[in-house]
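To keep things clear, I will list the structure first and then write my remarks on it.
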Amino acid sequence: MEPADPIADRLQTLYTLLDEAGGIEGLAPLDLAAERTLLDQLRAEQDRPLRVAVIGEFSTGKSTFINAILGQDLLPARFLPTTRQVMRLRHSDDPPKVAVADDDWADAVDTGAESPASRPLTRDAVRELAETGQPLDLALPIPAPWSDFVIYDTPGVNDAATMSETVIFDLMDEVDVVVMMLRAQQALTASESDFLGHLVRRKDLDKFFFNINFCDSQPPEQVAALRAYVTRTLGELRNWPIRSLRERVFTCSARQSLDPVLDASDGSGSAPSNEHAALLTAVHVWATTRRQALLDEGADGLLRTVAESAAGKLTAALDAASDEDAQQGRAIIAITAAVTEFRVAIREDELVLQQRVSERKATLLADVADAFAGIETALLTWVGTASLDDLAGDGPAKRLRVAVEERLAPLLCVFRDDLGQSFADLDQRIAPVVARTSDRLQGIRHGLDVGPLLAGTSLATAGYLVVSAALPWVLGATGALAVTAGLASMIPVIGGAVGALVGAGLGAAATGLPRLLTGIASGTMGGYRWLRDLTRNWQEQRTRADYEAQLRALVEDLRRQITTRLDQAVDPARLIEGALTARFPEALLLEERRLQVARLDRDRLRDARQGLADLRGRFIAAIPLPQRRPGLDAPEDSPHA
Ligand SMILES: Nc1nc2c(ncn2[C@@H]2O[C@H](COP(=O)(O)OP(=O)(O)O)[C@@H](O)[C@H]2O)c(=O)[nH]1
Ligand SMILES: [Mg+2]
């Protein structure tokens, strides 16, 4: 026993597989839109309501028959040909509505789409809209089991004015089952036979049921005879086996079926006739069974097509992935070989170029070193000889800059930017040196820093003056004391001599004092001047020397900076790369391609391949037919698995 809805299950499986196949990581998405469309069609076909068309010549009771199914006197039913267009009736739990249908009305029925111009369903509304002659779409509650059906009421097949034959002929193809109404009074008229003759040649009569209407107006034996006649005639017409035709020909009065229902709604009627119920059941069962059989049969083929086609695409993708993988591998080898070959080919050029660049660079660096030596000499010479005023201004900075520019610019015109940066650094660094030196030189120019020396000298002079002034007086006093003592000790000769000496000393002291004082004063002034000049010269020299040292350091710094920049800028490898690129652009392309290939994630590619192989196996397993093509039996057969 099969599961309840095998088609739905298989549909779901295939939808899931298609989803998985569409998004395998690491691989370009598979285009499975066509497969999905097929599944959608199958699902739509499975879900769509069955269709039954009621046909026959006018006034055979078609509308009445449908009204009996609906259980209400809804469709206009008269002896005049009232139904001039096809009317579709479909089940809806919403408030009943009627609308003029668009051209693509079959679609509107399948999707249940509402026409924007729909109106509440009343007999008057139907009558009114019927005047347009356009197909009408009626949505209303249809009693079970007919709620599964879309029911088509049609104009009479012999109603030439409406061109209804064409319409009905087309409709015949679209519906699942047809109920053809015949009239008991004139069953199988000439025109009906003609019509059926057409159908026999062109249409599938298997879906036809016949009802001999108006049987209420005939005695029962006549009804039985009529039925036998119709069955026999139809059998001859189409070579239908009479036995199966018996199950297709009914004798039910539409009027008699409808009236009791209508009456029943008043509470006074009875249920429709057995014959009516038998016809409806036969139509319903046959249509349902037949549709299921067609679906099963078609679904098998369709699901198989989808599964095989998807598996085929997966296989192709699998092959493509393997191919791509192999291709990338080959590309890597080829590119590596090409690059190597290319490098070998240009090796000589490269060496020559490298040699040339290195030589030029060495020359350049030597020239720069010379230039700097010249700059330094010129600058230091100038600092050694310049006046203090010149030194204290911004002369040194200017001179340095001018010297550097004069000597280096012609050498380094190519590296003007690098040079500019070095000069900017230089300006920044020389500024504080110049400022500091200037301050010190200003100090030397305006005053000597000899205060302590002067004070010491003054003190010594004063001491000397005091001592030199006091000495004669001390000597004199000593002489006087000696005279006094000599006189007193009676050594008059000695005393006299001493006294005379003292007296002479005193006299000499008295006369020499002014000259002594003048001599001391001029000696002190001379000493001061000598000391001052000595100190000033010494300080100036020291500052100049310091200045020179700093300038020398600056120049050296600049030299080092420029040399370094030069060294970096004149990089043989870079220059060679540039030159090679210009000469051999394909080398660059090859390198780029090689990088691209190297970036390919091999692992992801392998995972994706594995995923594809698994999925392909499951697709094949989902193919519903038991016998499978040998090549598709199992994923292990895959040469890539
Ligand atoms: N006596 C009788 N009258 C019927 C029967 N079926 C339909 N009629 C009447 O026949 C007329 C035409 O019916 P209608 O349904 O309009 O036929 P249509 O043109 O085929 O749709 C209406 O007046 C119906 O009442 C029936 O079985 N017995
Ligand atoms: Mg009608």
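Indexing begins at 1, ligand by ligand and atom by atom, following the structure's order.
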Test log, rule salt bridge (Lys or Arg N to Asp or Glu O under 4.0 Å), inputs Arg119 and Asp124: CA-CA 11 Å; Arg119 290 166 52 177; Asp124 288 345; over 6 Å; no
Flag, side chain of Asn213 to backbone of Met181, donor-acceptor distance under 3.5 Å: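 The answer is no, because no donor-acceptor pair under 3.5 Å joins these two groups.
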Backbone N/O of Phe214 and side chain of Ser217: donor-acceptor pair under 3.5 Å: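 Looks like yes, one N/O pair under 3.5 Å.
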Which ligand 1 atoms does [X] reach within 4.0 Å, using its non-hydrogen atoms?
X      : answer
Ser253 : 26 (C), 27 (O), 28 (N)
Asp216 : 1 (N), 2 (C), 26 (C), 27 (O), 28 (N)
Ser63  : 15 (O), 21 (O)

Heteroatom test (N, O or S) for Ser63 near the Mg ion (ligand 2), limit 2.8 Å: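 Ser63 does place an N, O or S atom closer than 2.8 Å to the Mg ion (ligand 2).
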Option with minimal heavy-atom separation from atom 14 (P) of ligand 1, where the choices are Asp73, Asn213, Thr64, Ile55: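 It is Thr64 whose heavy atom sits nearest to atom 14 (P) of ligand 1.
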Salt bridge (Lys or Arg N to Asp or Glu O under 4.0 Å) evaluation trace for Arg36 with Asp19: CA-CA 9 Å; Arg36 208 173 287 277; Asp19 280 348; 3.0 Å; yes
Side chain to side chain contact (heavy atoms under 4.5 Å, CB included) between Val230 and Thr251, worked out: CA-CA 10 Å; Val230 167; Thr251 53; over 6 Å; no
Salt bridge (Lys or Arg N to Asp or Glu O under 4.0 Å) between Asp73 and Arg123, intermediate numbers included: CA-CA 8 Å; Asp73 200 5; Arg123 289 188 61 177; 3.6 Å; yes
Ligand 1-proximal atoms of Thr60, by part, heavy-atom distance under 4.0 Å: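 It is both backbone and side chain that touch ligand 1.
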Any N/O pair Phe58/ligand 1 closer than 3.5 Å: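 N/O-N/O distance under 3.5 Å: no.
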Cys215 N/O under 3.5 Å from ligand 1 N/O: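 No.
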Min heavy-atom dist Ser59 to ligand 1 below 4.0 Å: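 Right, Ser59 reaches ligand 1.
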Interatomic spacing from CG in Leu74 to CG in Leu140 - rounded to 0.5 Å: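 Output value for this atom pair is 6.5 Å.
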